[in-house]
Amino acid sequence: MGLEIMDDVRRDYIYDLVRGGRREDGRAFLDYREIKVERDIIKRAEGSARVKMGNTEVLVGVKLEPGEPFPDSPDKGVIITNAELVPLASPEFEPGPPNEDSVQLARVVDRGIRGSEAIDLDKLCIEEGEKVWIVFIDIHVLDNDGNLVDAAALGAIASLLNVRIPNERYGLDGGEETMVLSNKPVAVTMVDIGGEILVDPNYNEEKAALSGLTVISNPDGTISALQKYGNGSLSEDAVTEMVEIGIEKAGELRRTFLEP
Amino acid sequence: MGLEIMDDVRRDYIYDLVRGGRREDGRAFLDYREIKVERDIIKRAEGSARVKMGNTEVLVGVKLEPGEPFPDSPDKGVIITNAELVPLASPEFEPGPPNEDSVQLARVVDRGIRGSEAIDLDKLCIEEGEKVWIVFIDIHVLDNDGNLVDAAALGAIASLLNVRIPNERYGLDGGEETMVLSNKPVAVTMVDIGGEILVDPNYNEEKAALSGLTVISNPDGTISALQKYGNGSLSEDAVTEMVEIGIEKAGELRRTFLEP
Amino acid sequence: MGLEIMDDVRRDYIYDLVRGGRREDGRAFLDYREIKVERDIIKRAEGSARVKMGNTEVLVGVKLEPGEPFPDSPDKGVIITNAELVPLASPEFEPGPPNEDSVQLARVVDRGIRGSEAIDLDKLCIEEGEKVWIVFIDIHVLDNDGNLVDAAALGAIASLLNVRIPNERYGLDGGEETMVLSNKPVAVTMVDIGGEILVDPNYNEEKAALSGLTVISNPDGTISALQKYGNGSLSEDAVTEMVEIGIEKAGELRRTFLEP
Amino acid sequence: MKEEGLELIKGGKRLDGRSFDELRQIRIEVGVLKRADGSCYFELGDNKVIAAVYGPREMHPRHAQDAKMAVLKYRYNMAPFSVDERKRPGPDRRSVEISKVSREALEPVIIKEYYPKTEIDVYVEILQSDAGTRTAGINAASVALADAGIPMKDLVSSVAVGKIDGEIVLDLNAVEDNYGEADMPVAMIARRNAITAIQMDGCMTRSEFEKGLKMAMNACQKIYELQRTALIERYSEM
Amino acid sequence: MKEEGLELIKGGKRLDGRSFDELRQIRIEVGVLKRADGSCYFELGDNKVIAAVYGPREMHPRHAQDAKMAVLKYRYNMAPFSVDERKRPGPDRRSVEISKVSREALEPVIIKEYYPKTEIDVYVEILQSDAGTRTAGINAASVALADAGIPMKDLVSSVAVGKIDGEIVLDLNAVEDNYGEADMPVAMIARRNAITAIQMDGCMTRSEFEKGLKMAMNACQKIYELQRTALIERYSEM
Amino acid sequence: MKEEGLELIKGGKRLDGRSFDELRQIRIEVGVLKRADGSCYFELGDNKVIAAVYGPREMHPRHAQDAKMAVLKYRYNMAPFSVDERKRPGPDRRSVEISKVSREALEPVIIKEYYPKTEIDVYVEILQSDAGTRTAGINAASVALADAGIPMKDLVSSVAVGKIDGEIVLDLNAVEDNYGEADMPVAMIARRNAITAIQMDGCMTRSEFEKGLKMAMNACQKIYELQRTALIERYSEM
C-alpha cells in the first residue's frame with residue numbers, strides 16, 4: 001500500500017514537471033540521455049556491445065553456432081533473439097523463465113532486425129537443408145533505469161557490425177570471415193505524458209506514462225517495426241508525430257554511434 | 001466455505017431428484033442429452049469434429065506429421081492423444097500444463113482407440129525405422145457441462161472417419177490418400193447415484209456422484225477400454241450392469257452419428 | 001516456531017553429548033554406523049546396490065544406453081549421475097525437479113568417480129562421433145537418516161563393480177561383456193561439532209553441525225574430490241585432519257565392502 | 001513475410017478477389033458458451049476465434065491483487081490443429097507477446113475501479129488461423145467483455161493493414177502475410193479514433209504508414225458497427 | 001499389447017509355469033522405513049515396490065485445505081532403473097494417471113473426517129517392474145496406511161487379470177502383458193466385494209470381462225489375507 | 001580435466017608467463033550499478049563478473065521467512081555469450097551447485113540476526129568466463145555485500161589452486177583447467193584463516209593438497225587487500 005502511494009506521488013511529480021516544460025533529469029523533451037557504446041568487449045562472443053543510456057545499461061552478445069534450418073527455409077540462417085531481465089538489474093526483476101516483458105523486449109528488437117533485413121540470411125547457409133548458422137542475439141540487462149528497448153536495439157546492431165564467423169571452431173571451411181550487415185535499424189521510444197511527447201523515457205517517466213511507442217527505422221527513412229505500449233491510448237496525431245520524431249532521432253543515433 | 005455449502009446443497013438436490021426417479025434436466029436415467037456432431041469444420045486439420053452434448057462442447061482436431069517411429073515398432077505409425085482443458089471452458093479450469101484430469105481424459109480416449117485397433121498403424125509407415133506418420137488427436141474442450149469423455153471420444157472417432165494423409169504438404173509420394181478407420185469404438189459414461197445408474201451425467205450429476213464408469217465398446221460388442229472414476233466404490237453387479245448398458249448405448253450412438 | 005525451538009533443543013543436546021565425548025547412538029567419534037551393502041538386487045539394471053548405513057538407506061542403479069558423444073570427446077562414453085530425493089525418504093523432501101541438495105549429492109558422487117577415472121570412458125565408444133555408451137548412475141534415496149553422500153558414493157561404486165554391457169538389447173556386437181572398473185573411490189564425510197570431528201554424521205548431527213567435509217579418496221591414497229558443506233567455517237588444521245581421517249576410513253570401507 | 005516470387009495483385013484485385021481496402025467476411029455470435037460469464041465467436045474470413053470472459057472474480061494469489069481496481073488478464077491460445085503444422089500446446093513467446101499487446105488494447109475501455117481486488121479473465125482460443133488472429137481475438141474479446149457485463153466505456157475494434165506487391169491493403173490473409181512486405185495490426189476505440197494497440201513489422205515508408213493507418217481506422221469503424229449490431233441482436237433476443 | 005507371434009500358453013500352463021488363475025509369489029514386509037510414518041515393501045513376482053505414508057500433517061498451501069476432512073495424495077513413481085529402458089526421472093502422463101486411479105482406489109476406506117485441514121501423503125516407488133506395478137503399489141499403500149495408523153474402514157487389495165492367447169488369466173507378467181490381448185487392473189475392498197478401481201484396455205467380450213472380474217475378486221481375497229497376516233505379524237512383534 | 005598432450009609448463013613458467021603461485025590480473029570496481037543496493041565489478045584475468053546485492057528486504061513467500069534472522073540467497077548465472085559454446089539461459093545443475101557453495105562461503109561473515117524475516121539477495125552474473133568464475137563471483141559478492149551496507153564480520157576472499165603437468169599452481173585459467181589434473185577452489189576469511197568453502201576434483205596426493213591449500217591461503221590474503229583497498233577508495237571518494 002505504501003508503495004502504491006509512492007507510485008502515485010511519483011506519477012504526479014512527473015506530470016507536474018512536464019506540464020511546466022521540464023523533465024526529472026533536466027533534459028529537453030526530445031533529448032536522449034548521455035549514451036555510451038563500447039564494442040567488442042566480450043572475447044567469447046562473436047560480437048558484443050555495452051550500451052549505457054544514462055543509468056540504463058545493457059550488454060548484448062552475439063554468438064554463432066551451426067544448427068538445423070527451418071524446414072520452410074532450408075537455405076537460410078536463423079536469428080534467435082533473447083532477452084534476460086536478470087534480477088541483478090532491478091529490484092523488480094525476478095529470476096525465472098522469460099516473462100511478458102522480456103519476451104516483448106526480445107521480440108521488438110528481433111522484428112526491427114528482421115523487418116530491415118539487416119542480416120542477410122541467405123549468406124548464412126552452410127549446407128542446404130542440413131546446416132546453417134544460428135545467430136543468437138542475447139540481450140543481458142545490467143541496470144534498468146528505463147527505455148531498455150532503445151539500448152538493447154542499439155546494442156544489438158552495434159554487436160552485429162563486425163561479427164566474426166567462427167568457421168574454425170566448428171571445423172568448417174571459410175577461414176576468417178565477417179558477417180555482412182545490410183542495414184542499420186535504430187529504435188526510438190517515446191512516451192506520451194499529458195499530451196507531450198518525451199523521447200527516451202527514464203524509469204520514472206516510463207512508469208508514469210500511460211502510453212508509449214517504439215519506432216524502429218532505417219537509414220532510408222523506412223520504418224521496419226512499431227510497437228505501442230501501455231494501458232492508455234494514443235491519438236492518430238500523436239502516433240504520426242511519434243513516427244516522424246522517431247525517424248529523425250534514429251538518424252542522429254545512427255550517425256553518432258553506428259558510423260565509422 | 002460458502003462454496004462448499006453450495007456443493008452440499010447441489011448434491012442433496014441431485015440425490016433427492018434421483019430418489020424420485022428424475023434428473024435435473026428431465027431426462028430418463030438412461031438417456032443422453034441432445035447430441036450434435038459437425039465434421040470437417042477446421043480446414044487446417046486433417047480431420048475434425050465439434051460435438052455438442054447438451055451444453056458440453058468439445059472440438060477435436062486430427063493432424064498428421066511425419067516423425068520417428070518408436071524403436072520397438074519401427075514400421076508402425078504413432079498415435080498421440082492430447083487433451084487441453086483450456087480455462088475458456090470452465091471457471092474451474094486453469095491455464096498450465098496438463099493436470100490429472102486432462103491426462104486421464106486423453107488417456108482414456110486414447111486407450112479406446114488403441115484397444116479397438118481403430119487406426120491401422122502398419123499402414124502409417126513411410127520408411128521403416130526412419131519415418132512414420134504421427135497421428136495427433138487433439139481434444140479441445142470449449143464448454144464443460146459434464147461427461148467430457150463421451151463427447152471427446154465421439155469427436156475423436158468422428159474426426160478420424162475421413163482423415164486426409166497430407167503427402168503433398170511434406171513432399172511425399174502417395175497423392176490423395178485417406179486414412180482407413182478399422183473400427184469405431186464409442187465411449188459411454190455412467191455414474192452411480194444412490195444405487196441408480198445414470199447415463200451421460202451432466203456437470204452437477206458428475207460432481208454429486210461418488211463413482212462412475214466409462215465403457216468403450218465396438219460394433220462387435222467387444223469392450224476395448226474401461227475406467228472407473230471417483231472416490232466411491234461400485235458393486236460387482238453395478239459394474240456388470242454398467243458394462244451391459246454401455247455396450248447397448250454405444251450401439252445407438254454409433255448408428256446415429258458414425259454411420260453413413 | 002515450535003519446530004524451530006525443537007531444532008535448537010536438538011542442537012544443544014547433540015553439542016552437550018559431544019562435549020562429554022559421546023554421540024547420540026553411542027558410537028565413537030570416528031566410527032561408522034553399521035553398514036550393509038547388497039549388490040545386484042535390481043534385475044532391470046545393469047548394476048545395482050542397496051546400501052544401509054544405520055537407518056539411512058540408498059538404492060543405486062546403473063543403466064547403460066547407446067547415445068551421442070559430446071562433440072569435444074567423440075570417442076568417449078558419457079557418465080550421467082542423478083540423485084532423486086524422493087519424498088518417501090524424508091518428511092523434508094518434496095516432489096519436484098532436482099533442488100540444490102539433490103544436485104549437490106549427485107555432483108559430488110559424480111566428481112569422485114570422474115576424478116578417480118574409475119570408469120574408462122575410452123572403452124565405452126561404440127562408433128566414434130556417432131554412438132557411445134551413456135552410463136546412467138541413478139541414486140534413489142529410500143530413508144534419510146543423514147550422510148547420504150557416503151551411502152550413495154559407496155552404492156555407486158558397488159553398482160559399478162560388475163556392470164553388464166547390454167549389447168544384445170540394443171542389437172550390438174560384443175556379446176557378454178563386463179564394464180571394467182579402474183579405480184574404487186570411496187567417500188567419507190565428517191562434521192565439525194564444537195571442534196570435534198565426527199565421522200558419518202546421522203541426521204541430527206548433520207543438522208546440528210555448522211560445517212562438514214566430504215573427502216573422496218582412492219586405494220593409492222590420492223584424493224579425487226572434496227566438498228565442504230554448511231554455513232560455518234573450518235580451520236586449516238581441521239581440513240587437513242579431516243583429509244587424513246577421510247583417507248584412512250575410506251581404506252577401511254573399501255576393504256570391507258568393495259573387495260572380493 | 002517479404003518473400004518474393006508470388007504475384008499477390010492481379011488486375012487491381014487481390015488473389016481472393018478483394019479490393020485493396022476490403023475486409024474479409026465477418027461473422028459474430030454473442031453468448032455462445034454456457035459456462036463463461038460472457039463469450040463471443042468471431043469469424044474473419046478463415047479465422048475462427050472464440051473469446052470467453054470470467055469475472056470480476058476473486059484474485060489469486062492475494063498478493064497480486066490491486067486494492068484500487070480489478071486486474072485484467074488476457075490469454076491468447078492457439079488450438080494445436082488451428083495451423084498447418086501442428087502447434088505444440090502451451091504458451092510460446094509469440095502468444096505471450098500477443099496476450100500482452102491484446103490486454104493493453106482493451107485496458108483503456110475497461111472501468112476497473114468498480115471491482116477492486118478482483119480479476120477479469122479474458123481467454124481467446126484460435127480454432128482456425130488464416131492471418132489476423134490477434135485482431136480477430138481482440139474483436140471477439142471486446143464483445144465477450146460486454147456480454148459478461150463488464151463495465152466498459154466503449155468497444156475496441158481491431159484490424160490489420162499491410163503491404164503486398166508495393167500496395168497498402170486491408171486485412172491480410174495468410175498468403176498475403178507470408179509473401180507480403182509488411183503487416184501492421186491496429187486496435188482502436190473506433191468512435192473516438194483512439195489507438196489502443198499498434199504493431200508493425202516489415203518495411204513501410206512514412207507515407208505508406210500514414211495511408212495504412214487511415215485505412216485501418218476506417219475499417220475499425222465498420223467492425224465497430226458489426227460488433228454493436230451483434231450485441232444489440234443478442235440483447236433484443238433476450 | 002496385442003502383438004502376435006509368441007505362444008504364451010503351452011499345455012495348459014503359462015510360460016512361467018503358472019496355471020490360469022495363479023498369482024505370482026507375494027512377499028510383504030511392514031514398517032521397512034524409519035523416517036516414514038508407515039511403510040510397506042511389496043514383492044509381486046519380479047515387481048519390487050515400496051510405499052511410504054506421511055501424515056496426517058498440516059496441508060500446504062493453505063487454500064488447498066479442506067475444512068471438513070483430510071486430503072489424500074498419492075504419488076506413483078518409477079525409479080529410473082526399474083525398467084529395461086531407463087525411465088527419465090519425474091512424472092509423466094502414465095504416472096499422473098496411475099496416481100489418480102490409485103488414490104481413488106484407496107479413498108473409500110480412509111476415514112478422512114477425523115483430520116480436517118490435513119493431508120495424508122502416500123508415496124509409492126517402483127524399484128523393479130514386471131507388469132502389475134500399479135496393483136502392487138495399491139496393495140503396498142494400503143498396508144502402509146494401516147502401518148501409519150491412518151483410520152481406515154478396511155484394507156484395499158488389487159490385482160490385474162488379462163487375456164493371453166484367448167484365455168483369461170490372473171496377474172500378467174511383463175511378457176504376457178506385452179504380447180497379450182487385454183489387461184484389466186482391479187482394486188477392491190475384498191471383504192465386501194466393493195470395487196474401488198477398475199481399468200481395462202485391449203479387447204474382451206462381455207463374458208470374458210465377467211469371468212475376469214470374478215477371477216480378480218477371488219485373487220483379491222487371497223491378497224487381503226496376506227496383507228492382514230503381514231500386519232498382524234508386524235504388530236505381534238512389537 | 002585430465003586430458004593429456006598439451007604441455008602447460010615450459011621452463012618453469014606457465015603458458016601465460018605466470019609463475020606457479022602468481023595470480024592473474026585483478027581489477028575491482030565498487031558501486032557500478034545504480035539500481036542495486038550494492039554492486040561490484042570484478043575482473044580476474046579474462047573473467048568478467050558483476051555482483052549485485054539487494055536487501056535486506058521483505059521475504060516472499062512469507063512461510064519461507066526466518067523469524068530470527070535474514071535469509072541469504074545467492075544466484076550465480078552465466079550470460080549466454082560468456083563461453084565459447086553459447087550457454088542456454090536459465091539455471092543448470094552446475095550453476096545450482098555453485099550458487100549453494102558460494103552462498104555457504106559467505107554465510108559465516110553475514111550478521112543475519114539484525115534483520116529477521118528479511119532476505120538478502122546476491123546476484124552474480126558471469127559476463128566473460130576463463131576458469132575461476134565461481135571464485136571471482138565470491139570475491140565480487142563479498143565486496144558488493146559490503147557496498148550494500150550489509151552488516152558483516154569480515155570479507156571473504158576466494159581463489160582456486162590446481163595441478164598441471166604435475167605441479168601445484170595458483171589460479172588456473174581455462175586452458176590449464178581443461179588440460180590440467182586437478183582444480184580446487186577455496187574461499188576463506190583471510191584475516192583469520194577460516195575456510196568457508198573448499199571443493200576439489202581431479203587427483204591430488206595428500207601433500208599436494210596441503211601445498212595447494214597453503215598457496216590458496218596466501219593468495220586470499222592478497223585478494224583481501226585488493227578488496228579492502230577498493231572499498232576504501234570507493235568510500236573515500238564519497
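In what follows, every chain begins at residue 1, and chains take the letters A, B, ... in the order their sequences are listed. Note that these values count all heavy atoms, side chains included, but never hydrogens, waters or copies made by symmetry.
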* To do: Tell me, out of Val62(B), Asp145(B), Leu142(B), Val60(B), who's got the most heavy-atom pairs with chain D below 4.5 Å.
  => Leu142(B)
* Most chain B-contacting option - heavy-atom pairs closer than 4.5 Å, from Leu33(D), Val124(D), Asp37(D) -> Leu33(D)
* Name the option with the most non-hydrogen atom pairs under 4.5 Å to chain B; the candidates are Pro91(D), Pro89(D), Ala36(D). => Pro89(D)
Which region of [X], side chain (C-beta onward) or backbone (N, CA, C, O), has a non-hydrogen atom less than 4.5 Å from a non-hydrogen atom of chain B, or is it both or neither?
X         : result
Asp121(D) : neither
Lys34(D)  : both
Asn77(D)  : side chain
Arg86(D)  : both

Is a salt bridge present between [X] and [Y], judged by a nitrogen-to-oxygen distance below 4.0 Å?
X         : Y         : answer
Asp31(B)  : Arg23(B)  : no
Asp130(D) : Arg24(D)  : yes
Arg103(D) : Glu107(D) : yes

* Structure fact -> Okay, Asn82(B) and chain D: the region with an atom under 4.5 Å from a heavy atom over there is side chain
* Does CZ in Arg39(B) sit with more than 12 non-hydrogen atoms of other residues, nucleotides or ligands closer than 6.0 Å? -> yes
* Can the positive tip of Arg35(D) be found less than 6.0 Å from the middle of the six-membered ring of Tyr203(B), inside 45° of the ring normal? -> yes
* Side-chain donor-acceptor pair present, Gln199(D), Arg134(D), cut-off under 3.5 Å -> yes
